[in-house]
Every structure is written in structure tokens, then in C-alpha cells.
Amino acid sequence: MEKQSAIDRQYCELCGKMENLLKCGRCRNSFYCSKEHQKQHWKKHKLICKEADKAQVSKQKPEPTQPSGDGKTEEKSGEDGSNNAKSNGQTRSSPQKLATEYIVPCMNKHGICVVDNFLGAETGMCILEDVKALHKTGKFTDGQLVSQKSDSTKDIRGDKITWIEGREPGCEKIRFLMSRMDDLVRHCNGKLGNYTINGRTKAMVACYPGNGTGYVRHVDNPNGDGRCVTCIYYLNKDWDAKEHGGLLRIFPEGKAQFADIEPKFDRLLFFWSDRRNPHEVQPAYATRYAITVWYFDADERARAKEKYLTGAGEKGVKVELNKPSDPS
């Protein structure tokens with residue numbers, strides 16, 4: 001299981017690409033899609049490369065317990081110390097089983113999928129502490145819109161956001177969450193619609209401060225920028241939608257009904273990013289945290305890159321594609 005789990009977490013440390021990867025010959029833990037990307041990332045990677053090299057020996061000894069969650073908690077029967085992890089008939093299990101037996105059929109049928117008690121209470125609390133500490137640094141900025149036509153952004157969205165690669169100091173548990181998301185998507189790949197997923201964005205950590213702000217109805221990817229799946233992890237303990245608001249309301253295309261998703265603690269949500277799922281964040285009256293990652297379809301992203309390359313340098317393309325501005 002350990003070997004398989006390591007394989008599932010492979011992606012380019014610089015751009016997130018998940019195929020045709022090269023392994024760092026020194027630590028053998030990090031991957032790159034090209035030697036050029038390895039060289040570009042070396043300034044950051046060298047800080048952990050030696051440590052990773054030393055850690056190879058200790059990895060041969062299995063840990064008896066995982067107090068902060070190292071991925072093995074998902075192998076258990078779904079108990080997190082307080083509640084049975086059951087949602088929509090799905091108990092927490094191996095990433096492969098969760099992906100193939102629950103997420104794939106649910107997404108292909110409904111275009112929306114909810115997984116509760118994703119990592120367990122203990123790991124969820126560690127991630128929440130990382131996010132709260134990050135929030136206190138003052139690095140969160142006002143969420144922006146793709147098309148900034150006026151000064152009325154705050155009337156449209158009221159969240160504060162920051163972008164996390166996963167290597168930043170103090171973000172180790174956020175990085176762990178991202179790796180678990182990647183595990184699931186790798187097992188789903190090739191089975192979600194007609195998509196071939198080959199990368200993702202950085203993680204967008206968002207906070208609605210609880211002053212009644214939300215985000216009006218919108219579509220994450222209305223114009224084919226490459227994003228095909230939106231993946232959101234919620235971190236809000238004891239959330240009561242009647243008192244705190246903050247529902248994510250999705251309006252699936254062609255259906256009379258809408259879907260209300262409460263931003264409950266340790267809840268993971270998937271949905272198609274395109275026009276099939278317009279959605280809104282209703283006004284929140286308590287501090288509301290969420291971490292969002294968008295996954296790219298290979299063909300659509302290639303077309304989007306070609307489009308943006310017209311009259312723009314490669315640096316500009318990365319800003320457009322790796323930092324989308326339609327959060328959920």
C-alpha cells in the first residue's frame with residue numbers, strides 16, 4: 001500500500017502536471033515534467049531535498065500510530081473517534097475504493113459529489129489550525145473577479161483568499177490535504193466524463209469573515225480555461241446553516257431543483273467546473289473557511305494555453321491558468 005500511495009501522489013512540483021514525470025535523483029521523492037522545471041524549482045526544492053534523502057531510512061520503519069494523519073487513517077473502517085464516517089451511504093475507505101465505487105458513478109450521474117468525514121476529526125483539526133495560523137499572517141487579500149470592470153467586487157464576492165503551493169512553512173497539513181485530493185483524482189482519472197486530467201491549480205484558501213458577505217451566482221469556468229473539476233474541502237466546526245448561513249447553492253443545468261451544500265467540517269465536495277453548475281455562496285454570519293483546488297482537462301487546457309499565448313508571454317499564461325479567479 002505504501003508503494004502504491006507514493007505513486008499516486010506524483011505530479012510536477014512546479015506546474016502540477018501528472019504524466020511523463022522525472023524523479024529527483026537525489027531524494028527520489030519529488031517529480032518534474034522536465035529538467036527545465038526541475039532547475040526552476042531547485043531554489044525551493046533544495047531546502048527539503050537533503051532532509052527527504054535522510055528520511056528514506058526512517059520510512060522503512062512503519063509508525064504504530066498516526067496522531068496527525070499520514071494517509072493511513074483512510075484505510076480504517078471509517079471511525080474518527082467520535083462518529084462513524086458515513087455520508088450518502090459511503091464510509092471512509094481506501095482512495096481507490098472511494099474513487100471508483102462512489103465518486104466516479106456519483107459525478108457521472110449527478111455532476112456533484114459529497115464525501116463527509118474525509119480525513120477524520122484529528123487530521124481535519126490540524127488542517128484548520130494551519131489555515132487559522134495562515135489567516136493571522138495577514139497574507140489573505142480580497143478575492144478578485146476574472147473580469148474587473150468596476151469597483152463593485154465586494155458587492156459580488158466578499159471573501160479573503162490566499163494561494164498555497166503546499167511547500168510554504170506552516171502549510172504541511174494543507175499540503176497533505178492536497179496530496180489526498182490528488183490521490184482520489186488519480187484513481188478517478190479516465191472515468192470522469194470524457195476528461196483526461198493532467199494537472200491542477202494551487203490551493204485557494206478562502207475565508208468569509210462572517211459579516212454577511214457571500215458570492216453571487218456564477219460559473220467557475222464559463223469560457224473553457226481548462227478547469228473541469230472543482231474540489232472543495234470545508235473546515236467549519238459545528239456549522240449550523242440556519243444560524244450561520246453560508247450555504248453553497250448549486251443550480252445544476254437543466255434541472256428544476258437546486259442542491260444546498262452546508263460547509264461542514266471535514267466535508268469534501270466535487271462538481272463539474274463548467275456551465276453545468278452555476279452556484280452561489282449565500283451570506284455567511286460566522287467565519288467560514290474552505291480550501292479549493294481545480295483540476296485541468298488536458299485538451300481544454302492546451303487549447304486555453306494556445307489562446308492566451310496570442311499576444312501574451314508564458315508568464316502571463318501561468319497567471320491566467322494557475323490562479324483562476326472564480327472561487328466557490
Side-chain angles (χ1 to χ4, degrees), residues 3-56 59 139 146 162-172 174-190 195-205 221 223-229 231 273 292-325:
K3 186 177 181 182
Q4 182 63 36
S5 180
I7 291 172
D8 292 338
R9 287 197 293 271
Q10 293 176 12
Y11 55 87
C12 178
E13 299 288 350
L14 187 67
C15 70
K17 187 177 178 181
M18 295 179 178
E19 54 190 24
N20 301 324
L21 298 176
L22 305 171
K23 183 186 292 186
C24 172
R26 185 174 187 176
C27 68
R28 306 190 69 79
N29 274 351
S30 295
F31 297 84
Y32 297 93
C33 65
S34 64
K35 289 185 178 180
E36 182 183 350
H37 277 196
Q38 184 179 21
K39 288 179 182 178
Q40 290 178 27
H41 195 256
W42 174 243
K43 190 174 181 180
K44 288 185 177 180
H45 180 58
K46 68 180 180 181
L47 301 176
I48 66 163
C49 192
K50 290 182 180 179
E51 294 302 318
D53 195 15
K54 293 175 185 176
Q56 291 297 321
K59 277 186 181 180
K139 293 180 180 178
V146 171
T162 191
W163 293 92
I164 295 298
E165 178 187 0
R167 298 281 187 177
E168 297 85 349
C171 294
E172 290 79 12
I174 297 175
R175 184 185 180 192
F176 171 75
L177 167 67
M178 294 162 72
S179 76
R180 302 313 287 162
M181 290 175 169
D182 289 346
D183 284 352
L184 287 181
V185 172
R186 283 294 298 273
H187 286 301
C188 291
N189 206 5
Y195 295 124
T196 299
I197 295 173
N198 72 334
R200 59 161 169 76
T201 65
K202 295 180 180 180
M204 188 191 76
V205 184
N221 176 17
N223 300 313
D225 64 18
R227 289 175 289 164
C228 60
V229 174
C231 182
S273 304
T292 304
V293 169
W294 286 270
Y295 287 90
F296 290 112
D297 171 62
D299 290 341
E300 186 179 314
R301 191 183 186 197
R303 290 194 299 270
K305 280 186 173 181
E306 187 177 350
K307 174 184 174 184
Y308 285 117
L309 276 171
T310 306
E314 179 65 22
K315 187 175 180 180
V317 175
K318 287 184 180 178
V319 171
E320 284 286 342
L321 294 180
N322 289 341
K323 292 192 177 183
S325 303

Nearest atoms (heavy-atom pairs only) where A304 meets G226
CB-N, 4.4 Å

Considering all heavy atoms, the nearest E165-H41 contact:
OE2-NE2, 3.2 Å

Should the pair H45 and Y32 be assigned to parallel (<30°), tilted (30 to 60°) or perpendicular (>60°) ring geometry?
perpendicular

Partners of [X] by side chain to side chain contact (heavy atoms under 4.5 Å, CB included), sequence neighbours excluded?
X	result
K139	T137, T162
E172	none
C228	Y195, I197, D297

Taking 4.0 angstrom as the limit, do D183 and R180 come out as a salt bridge?
yes

For E300, what residues pass the side-chain hydrogen bond (donor to acceptor under 3.5 Å, both in side chains) criterion, not counting sequence neighbours?
N221

For R303, the side-chain hydrogen bond (donor to acceptor under 3.5 Å, both in side chains) test, sequence neighbours excluded, returns none

By the definition side chain to side chain contact (heavy atoms under 4.5 Å, CB included), identify the one residue from K43, H37, Q38 that meets it with Q40.
H37

Between R200 and W294, is a side-chain contact (heavy atoms from CB on, under 4.5 Å) present by the stated rule, with each step listed?
CA-CA 6 Å; R200 59 161 169 76; W294 286 270; over 6 Å; no

Any side-chain to backbone donor/acceptor pair from E168 onto G166? Under 3.5 Å, distance only.
yes

Would you say T196's side chain and A298's backbone share a donor-acceptor pair under 3.5 angstrom?
no

When rounded to the nearest 0.5 angstrom, what distance separates [atom1] in [X] from [atom2] in [Y]?
X	Y	atom1	atom2	value
Y295	M181	OH	CE	6.5 Å
D182	L177	CG	CG	9.5 Å
D225	K307	CG	NZ	8.5 Å
F296	S273	CZ	OG	9.5 Å

